Amino acid sequence: MPAVSRPLPPLTALAPPELEWRADDISDAPYASAYGDVYFSRHDGRAETGHVFVEGNRLPERFAAWRETRAFVIGETGFGTGLNMLCAWACFERHAPAEARLHLVSTEKYPLPHDALARALAIWPDMAARAGALLDQWPEPVGGVHRLWLSSRVVLDLHFGDAAERLSRLDGRVDAWFLDGFSPAKNPDMWQPELFAAMAQVSRPGATFATFTCAGVVKRGLRDAGFTWRKTPGFGRKREMLCGEIAAPPDDRRRASTPWFTPPRARPARHVVVIGAGLAGTSVAAALARRGVTVTLLERDAPGAGASGNRQGALYVKLAAETNPQSRVYLAGLLYTRRWLTALDPEQHLWQDCGVLQLAPGAKEATRQQRFLAHHALPERVVHGVDAATASQAAGTPLDAPGLDYPQAGWVRPDRLCRQLAASPGITQQRGEAHDLDFDADADAWRIALTDGSTLTADHVVVATAHETPRFTPLAGLPLKPIRGQLTHVPAPADAPSLARVVCAGGYVAPAMEGVLSLGATFAPGDTDTAVRTTDHARNLDEFTATLPAFAEALRAAGVTLDPAACEGRASLRAASPDKSPYAGPVPVREAWLDDYAVLGADARRVPSTTGRHHPGLWVSAAHGSRGLASAPLCAEVIASRLCDEPLPLERELVDHLHPGRRLIADIIRGNATLSTSSPNDDAQTSPTTTETP
Ligand code: SAM
């Protein structure tokens, strides 16, 4: 029977824990009043972690012996203060070879507020540097997955939500488990058979576990899920604890009802060619390079030559009123990009977290925003509703519409960002135009033919060439549409008023950068002309003066003419998929899917058991539309994580939502799929130009 998957939980803020601070042997330790239990031993929490979890999983010797190119993965069931994970990281630094990498996955249902986390970790001053890395990136308490780069070789994925539910959605496999959480007597809801079954399902063969408790429910649960266990001496006054392993984890049946999304088998990744040096390509290249992969970044022009070459772009999302997978991906992407930019450029030369106001100039959008707020009780620091007066105050200019305020969003210099990413260590930039790709089965490698007649070979290829992606034979038929977008640049004299937020309505305006305001962008599906047009400037200026009349007036008063004929700007082509979500993942073998899943066209319930056939080592990151700043860096992590056989930074359902084969399977089910490999760009319909928020 196919596994039944439950809907994802609501996209909301998680409640903080009820905390008390108690002095014992340790002067100031957190205590969970709702559970009547401690976060760690008040006698010596660190020694307890070392004994139970680190030694219980034999981490020092396993780290010392680790020679795999993939990361060693630790899973945990209650992140709490992070003490266990910080200790595991310290142990890794002490014992693992220099090129080894560590991937931490932890679930937490009641994330500590930032100040409480700081207070708890202050107990150990010698861990201050590691605690600081965690605190600097500590996410807002939004349910979902939050990826943090703790160091160049240590990643932490925080899965906020219930442990059993989160692990049941984990796309990745674990080498060692820290089975923590308040004691089974005080927190019986967590220690359920579903938890142990979910752990077993995502364990690697031979995965170990350790836990402080010997409760019968835990022993039985682990045994029923396939783990063996033994008792060993406990820490301090506790006589015994449990540790053990799972030799043969059960088959992962979670994609039984969607076998086409089953990930391809991992293959070596010594050399990867990334085609296209826009934001999608440069962020994938950098994500692979930081994992030690040798990358060649092939680009016809220069990094950021296409739609990623704008001098200024909004880091912004537009979320649906009713939660859908696309909104979840984009919100996760926005929050990831924020953390990623903070680490990449803490001084904000490449970006500004000034916040974004999404105005609702008409009743229809105002109602939509109210519905959004009613469905999404998200933290204020992520998004909240504002009336016109508050919006005006935030933007620093009079506005006459209410809206949504995203205080953590802002703007980015995409052109510079692409250049900086392309220059990352481990990436060789090569100028050249890929003409086509083919897989040489004898050599088990890809051959990339360049238009100058030369050839590159690689274990993997990532295609990130926006609307041009389907020109490559194995990608023919991937539905992508080019969308022309033009930005208008308006001078902003030093004595003119300034905007304090990016303001979006029909279009968007970012605060002035180096004396120039960027307004935009036009939106012309199917139009592939990149010449700058005065008519498009006029459209952008009309939109600007309608959204920000007082601000426009103040500019005029400062001597700015706002004449379309005198404006400068830039036009480029973005690419969109039919459902407006990006493609990020492995490339299906179109003919094989048409054959293997043809039966679905007659009866969508007759799901074959054949797993999806993919071109070995071929990946795509495309269709980022005008929101690539929010989607491309997270999609890069999706691809790099899969390619390097690591846990993914999104729930399995959302990974599948990004799958480049999703439209093909939908077409097969609707009976619309054909073997035709003509590019949809050949017959792209041209639609009238409008302005659209990015
Ligand atoms: N490992 C932690 C550390 O190093 O500080 C200590 C963990 S503390 C004893 C237990 C943690 O489990 C708490 O943070 C609690 O909020 C979390 N927790 C309790 N029930 C949970 C559940 N069902 N799912 C996820 N986390 C849960």
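Counting from 1, the numbers follow the sequence of the chain as shown. No experiment lies behind these values; they were computed from the predicted model shown. Just so you know, ligand 1 is whichever comes first in the structure, and atom 1 is the first atom listed for that ligand.
Of the listed residues (Trp340, Tyr336, Phe160), just one forms a ring-ring contact (aromatic ring centres under 6.0 Å, His included) with His146, and that residue is Phe160. For the pairing with Tyr39, the ring-ring contact (aromatic ring centres under 6.0 Å, His included) check across Phe182, Tyr110, Phe79, Tyr31 returns one residue only, Phe182. A ring-ring contact (aromatic ring centres under 6.0 Å, His included) with Phe209 is found for one member of Phe178, Phe53, Trp177, Phe227 and no other, namely Phe227.
A distance-only check finds no donor-acceptor pair linking the side chain of Trp66 to the backbone of Ala96 [under 3.5 Å]. Looking at Glu194, its side chain never comes within 3.5 Å of a backbone N or O of Glu165 through a donor-acceptor pair. Arg627 places no side-chain N or O within 3.5 Å of a backbone atom of Ser581 that could act as its donor or acceptor partner. Proximity of a side-chain donor or acceptor of His659 to a complementary backbone N or O of Gly661 within less than 3.5 Å is detected. No donor-acceptor distance shorter than 3.5 angstrom exists from the side chain of Asp345 to the backbone of Leu341, with no hydrogens or angles considered.
Residue-ligand proximity, Asn84 to ligand 1, at heavy-atom distances under 4.0 Å covers atoms 1 (N), 4 (O). The Gly161 neighbourhood of ligand 1 comprises atoms 24 (N), 25 (C), with distances under 4.0 Å to a heavy atom of that residue. Under a 4.0 Å criterion applied to the non-hydrogen atoms of Gly82, ligand 1 contributes the atoms 3 (C), 4 (O), 5 (O). Distances below 4.0 Å separate heavy atoms of Phe182 from the following atoms of ligand 1: 8 (S), 9 (C), 10 (C), 13 (C), 15 (C). Heavy-atom proximity to Val38, at under 4.0 Å, picks out these atoms of ligand 1: 9 (C). Which parts of ligand 1 touch Glu76 is read off a 4.0 Å heavy-atom cut-off, strictly below it: atoms 1 (N). The contact set between ligand 1 and Tyr110, taken as ligand atoms under 4.0 Å from a residue heavy atom, comprises 16 (O). Each of the following atoms of ligand 1 lies closer than 4.0 Å to a heavy atom of Asp162: 22 (C), 23 (N), 24 (N).
Residue Leu112 places no heavy atom under 4.0 Å from ligand 1. Under the 4.0 angstrom criterion for non-hydrogen atoms, Asp189 is not in contact with ligand 1. Assignment of Pro111 to the shell around ligand 1 is not supported, since no heavy atom sits closer than 4.0 Å. Within the 4.0 Å heavy-atom cutoff, Gly181 counts among the residues contacting ligand 1. Ligand 1 does not have Arg166 within reach: every non-hydrogen atom of the residue lies 4.0 Å or more from it. Ligand 1 does not have Leu195 within reach: every non-hydrogen atom of the residue lies 4.0 Å or more from it.
Ion pairing between Lys238 and Glu48 holds under the 4.0 Å rule for side-chain N and carboxylate O. Between Arg46 and Asp126 there is a salt bridge, since a side-chain N of the basic residue sits under 4.0 Å from a carboxylate O of the acidic one.
For atom 12 (O) of ligand 1, the closest non-hydrogen atom of the protein is Gly78 CA, 3.4 Å. Nearest protein heavy-atom contact of atom 26 (N) of ligand 1 is Lys109 N, 3.2 Å. Nearest protein neighbour of atom 20 (N) of ligand 1, counting heavy atoms only, is Asn187 ND2, 2.9 Å. Among all non-hydrogen protein atoms, the one lying nearest atom 5 (O) of ligand 1 is Thr81 OG1, 2.6 Å. Considering only non-hydrogen protein atoms, atom 9 (C) of ligand 1 sits nearest to Tyr39 O, 3.4 Å. Annotation: atom 24 (N) of ligand 1 to nearest protein heavy atom, Ala163 N, 2.8 Å. From the protein, the heavy atom lying nearest to atom 21 (C) of ligand 1 is Met190 SD, 3.7 Å. In terms of protein heavy atoms, atom 18 (N) of ligand 1 is closest to Glu108 OE2, 4.1 Å.
Residue contacts with ligand 1 for Leu83 involve both N, CA, C or O and side-chain atoms from C-beta outward (heavy atoms, distance under 4.0 Å). Within the 4.0 Å heavy-atom criterion, the part of Phe79 lying near ligand 1 is the backbone and not the side chain. Proximity of Thr77 to ligand 1, defined as any heavy-atom pair under 4.0 Å, is confined to the backbone N, CA, C and O atoms.
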- Task: Decide side chain to side chain contact (heavy atoms under 4.5 Å, CB included) for Leu121 and Leu134; before the verdict, give the C-alpha distance in whole Å, the side-chain angles of both, and the deciding distance to 0.1 Å.
- Result: CA-CA 10 Å; Leu121 291 174; Leu134 174 66; 4.0 Å; yes
- Could you walk me through whether Phe212 and Phe235 pass ring pair (Phe, Tyr, Trp, His ring centres under 6.0 Å), step by step? CA-CA 8 Å; Phe212 62 92; Phe235 177 75; over 10 Å; no
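Atom CZ of Arg237 has 12 or fewer neighbouring heavy atoms from other residues, nucleotides or ligands inside a 6.0 Å radius.
By the 6.0 Å and 45° rule, Arg119 stacks over the aromatic ring of Trp21.
When ring centroids are compared, Trp124 and Phe40 come within the 6.0 Å threshold.
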